**Q** 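Attaching a single structure in structure tokens format; questions to follow.
Throughout, protein chains are lettered first and strands after them, A, B, ... in sequence-line order, and every chain is numbered starting at 1. Note that the structure is predicted; figures quoted are calculated from it, not measured.
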Number of protein chains: 2
Amino acid sequence: MGEHKKMPRASVLRMELCLELLEQLEADGSVYVTSRQIGEATGVSADKVRQDFFHLGSEGKPKVGYEVAQLAELIRSVLDLKTAKKTCLVGLGNLGRALTASNIWSRAGFELAAIFDTDPSLIGTTTAGIRVRNVTEIYGVVKAENIIAGVAAVPASAAQDTADLMVGAGIRAIWNFAPVKLHVPEDVVVESQSLAWGLITLSYEMKNNIKDQAPERAK
Amino acid sequence: MGEHKKMPRASVLRMELCLELLEQLEADGSVYVTSRQIGEATGVSADKVRQDFFHLGSEGKPKVGYEVAQLAELIRSVLDLKTAKKTCLVGLGNLGRALTASNIWSRAGFELAAIFDTDPSLIGTTTAGIRVRNVTEIYGVVKAENIIAGVAAVPASAAQDTADLMVGAGIRAIWNFAPVKLHVPEDVVVESQSLAWGLITLSYEMKNNIKDQAPERAK
DNA sequence: CGGCATTCGTTAAACAATTAACAATTTAAT
DNA sequence: ATTAAATTGTTAATTGTTTAACGAATGCCG
């Protein structure tokens, strides 16, 4: 029985993929699933799947596999997806609007509870049933609503200031979309996900893939 | 003089950060910059900065540092940011619209040249100066326009089909936003960047950060 | 009931990335 | 000139992640 000290970041990402599959299987009425089946369905090697499950203390039966519902619940528990986490969004630009309309929040236990911007023409309007407030109100709103997470969908130039505001208001986790490394106290979690990164890495990979074509021989 | 065989993925991402800083310095008129200065400005250790530069074959002078313009050009070259790469977008939902309006394309050398969707009410309309086409036209358009990269901003259920269409049309690189591992020939590059991942990892980190508060003592 | 095939949990090895260390090089000061 | 301080390019060591391997457990079939 493996004790989960700290799970590799890559494992966490794979768990998300896996959970999606498990919920689908659950809906289809499947009771058991093997690491091989999971691997084939998600495109991950069976070995890696088992190693991941080992990290979170798996409870499968040899020859049978893992109980779908139980495993899904375990993943949700380790990833802490079930506890509700109130969140605020700062920056209602194009990306902010896309995030607001997205259905990813509830899946991970987040609830979008407030939206802030600096644009006077936006303040006071309503998006997704939430009134857009001036970012200067962030302190009071975060305290009053007990918001613990924040999304920074602002230009790079405003990212650090936004982060400072959030930290000052007591937010413990920041999802940052600006291509900037935020400077925050160590008890605040930051997850950076600049959209630009995808294109940059694509560009690099495209250039290098031509050479790798011959030598590499992936299974 | 280091020969760049293959650069770690993390290095590529840091280069993006670094390039942003370099361009800013260039605009400010700075001529030289040291690894320490870069480190302080970007939040990366100076050692790591030098190691990264080593990967791409750096050319700095001891005691002086790196020539800003030259280093920026080197990074653009290794990341292949200057060569134009025509791109198409499939899926004009909220995320697709946000991407369309974004300014990240030209920065990495990409040019959004076509938009596809399946929604009849969208086909024929114009977004960002580009006419939205039926996704069935993708083969012809990609061939005619010489498009080499594609963005899949579609639901998870449609992701693999979209990828197959792209590959069939001759696209060599896919930027995938669906939380799915795409199955493609090995000469096609895939960069996955599901928005959900950010929330998932945030959730996990938030849960674990409480414990790490005391033991860890980061500089 | 007893072997056989399958699958899990765990350990070990291989691989990759980060961090640290250090000699070589250049500027600047005396 | 010569020393001293600073910074680079590179190698070495540490750390972390992925891949492989293998005994133990379980169901299945004769």
**Q** Other residues, nucleotides and ligands only: do more than 12 of their heavy atoms fall within 6.0 Å of CD on B/Gln24?
**A**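 No, the 6.0 Å shell around CD holds no more than 12 heavy atoms from other groups.
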**Q** Please list, one pair per line, the donor and acceptor atoms closer than 3.5 Å that link side chains of residues 101-116 of chain A to other protein atoms, with sequence neighbours excluded.
**A**
from, atom 1, to, atom 2, distance (Å)
A/Ser102, OG, A/Ile104, N, 3.2
A/Trp105, NE1, A/Leu99, O, 2.7
A/Arg107, NH1, A/Glu23, OE1, 3.1

**Q** Strictly below 4.0 Å, heavy-atom distances to any atom of DNA chain C: list the hits from residues 32-43 of chain A, or just say none.
**A**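 Hits under 4.0 Å, by residue number: A/Thr34, A/Ser35, A/Arg36.
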**Q** Without swapping roles, check the side chain of B/Ser11 against the backbone of B/Met7 for a donor-acceptor pair under 3.5 Å.
**A** no
**Q** Not counting sequence neighbours, list each pair that qualifies as a ring pair (Phe, Tyr, Trp, His ring centres under 6.0 Å) and has a residue in residues 149-180 of chain B.
**A**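 Sorted result for residues 149-180 of chain B: B/Trp175-B/Phe177.
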**Q** With a 4.5 Å limit on heavy-atom distance, are the side chains of B/Ser58 and B/Arg50 in contact?
**A**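 Sidechains of B/Arg50 and B/Ser58: no contact.
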**Q** Nucleotide by nucleotide, 5' to 3', does protein get under 4.0 Å of the base (B), only the sugar-phosphate (S), or neither (-) in nucleotides 16-21 of chain C, counting heavy atoms?
**A** SSSBBB
**Q** Atom CG of A/Leu13 and atom C1' of D/dT18: how far apart are they, to the nearest Å?
**A**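 Going from CG in A/Leu13 over to C1' in D/dT18 covers 15 Å.
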**Q** Using the test salt bridge (charged side-chain N to carboxylate O under 4.0 Å, His left out), find all partners of B/Asp164 that sit at least two apart in sequence or belong to another chain.
**A** none
**Q** Verify whether the ring centers belonging to B/Tyr66 and B/Tyr32 lie closer than 6.0 Å.
**A** no
**Q** When you look at NZ of B/Lys181, are more than 12 heavy atoms from neighbouring residues, nucleotides or ligands closer to it than 6.0 Å?
**A**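 Atom NZ in B/Lys181 is not packed in, count stays at 12 or less.
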**Q** What is the separation between atom OH on B/Tyr66 and atom C1' on D/dA6, rounded to the nearest whole Å?
**A** 13 Å
**Q** Has A/Lys207 got a side-chain atom pairing as donor or acceptor with B/Val78's backbone, closer than 3.5 angstrom?
**A** yes
**Q** Identify each atom pair where a protein N or O and an N or O of nucleotides 25-30 of chain D are less than 3.5 Å apart, giving names and distance.
**A**
none

**Q** When you check the side-chain N and O atoms of B/Ser203 and A/Asp80, is any donor under 3.5 Å from an acceptor?
**A**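 Per modelled atom types, B/Ser203 and A/Asp80 side chains form no pair under 3.5 Å.
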